[in-house]
Amino acid sequence: MKKILLFTAISLPFSTSAEIAIQDGYEIQGRIFSVKTAKKYSTVEGCSKYALSKSKVQGFTFDKVSQKCTLFKKVRGLKPDSGSVSGTK
C-alpha cells in the first residue's frame, strides 16, 4: 500500500501540469477567486499548483514583478501583458 501511495505522490506533479495551459505575456481578465502573496505562491510553479488544487478556479495570472498570484473563478479573456504569466484549465 505504501508503494502505491508513494507512486501516486511522485507522479501527481507530472500529470497535473498537463491540465493547465500556460501562456507567457498575458494576464487574465475575469472574476477573481483570491490573491496570494505568500512566498510559496511567488513562482509560476507555486501559483499554478495552487490553481490546480482548487476545483472552482479556472485560471491564474502570476505577476513577475510583484510576484503576486491571482486566481480566477471565471475567465472572460486574456490581455497582453509582458510582465505576467497566465494559465487556464
Side-chain angles (χ1 to χ4, degrees):
M1 184 69 165
K2 287 182 183 180
K3 289 181 182 179
I4 294 171
L5 293 175
L6 181 60
F7 175 76
T8 304
I10 291 172
S11 65
L12 187 61
F14 300 110
S15 63
T16 57
S17 63
E19 295 177 19
I20 198 155
I22 306 287
Q23 296 183 327
D24 194 5
Y26 288 92
E27 70 174 317
I28 290 178
Q29 294 182 314
R31 179 169 280 163
I32 294 174
F33 176 77
S34 69
V35 178
K36 299 294 182 185
T37 56
K39 186 151 179 86
K40 66 180 178 178
Y41 309 117
S42 66
T43 64
V44 174
E45 293 80 17
C47 190
S48 65
K49 282 182 184 179
Y50 188 64
L52 284 170
S53 73
K54 298 294 179 187
S55 62
K56 292 183 180 183
V57 171
Q58 291 184 355
F60 75 91
T61 294
F62 177 74
D63 186 307
K64 294 187 251 184
V65 176
S66 67
Q67 296 185 337
K68 180 174 64 173
C69 175
T70 306
L71 303 179
F72 293 87
K73 58 183 169 183
K74 181 111 178 165
V75 175
R76 283 190 232 120
L78 293 170
K79 177 177 142 185
D81 181 1
S82 61
S84 296
V85 177
S86 294
T88 53
K89 290 182 180 178

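Just so you know, these numbers use all the heavy atoms, side chains as well, and skip hydrogens, waters and symmetry mates.
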Contact between Val57 and Ser55 at the side-chain level, heavy atoms closer than 4.5 Å - yes or no? no
Scanning both residues in full, the closest heavy-atom pair of Lys89 with Ala51 reads NZ-O, 3.1 Å
Minimal heavy-atom distance between Ser86 and Leu78, with the atoms involved, is CB-CD2, 4.4 Å
Just so I know, are the side chains of Glu19 and Leu52 near enough to count as touching, which here means a heavy-atom distance under 4.5 Å? yes
All heavy atoms of Gly87 vs all of Ile20, minimum pair found to be C-CG1, 3.9 Å
Sequence neighbours excluded, the answer for side-chain hydrogen bond (donor to acceptor under 3.5 Å, both in side chains) partners of Lys64 is Asp24
For this session: Determine, stepwise, if the pair Val35 / Lys68 fulfils side chain to side chain contact (heavy atoms under 4.5 Å, CB included).
Result: CA-CA 7 Å; Val35 178; Lys68 180 174 64 173; 3.4 Å; yes
Taken to the nearest 0.5 Å, the spacing of Lys49 NZ from Lys40 NZ works out to 11.5 Å
When rounded to the nearest 0.5 Å, the distance separating OG1 of Thr88 from CD of Gln58 is 9.0 Å
One should read off an interatomic distance between Lys56 NZ and Leu71 CG, to the nearest 0.5 angstrom, of 13.5 Å
Determine whether the side chains of Ser84 and Thr61 contain a donor N or O and an acceptor N or O closer than 3.5 Å. no
Are Ile32 and Ile28 connected into the same hydrophobic cluster when the rule is that any two of I, L, V, M, F, W, Y join if their side-chain heavy atoms are below 4.5 Å apart? yes
Residue pairs passing the ring pair (Phe, Tyr, Trp, His ring centres under 6.0 Å) test with at least one member in residues 42-78, sequence neighbours excluded, are Tyr41-Tyr50
So salt bridge (charged side-chain N to carboxylate O under 4.0 Å, His left out) across residues 70-80, not counting sequence neighbours, yields Glu27-Lys79
To the nearest 0.5 Å, atom CD of Gln23 lies from atom CG of Asp81 at 13.0 Å
Closest non-hydrogen atoms of Ser66 and Asp63, given as atom of the first, atom of the second and distance, are N-OD1, 3.0 Å
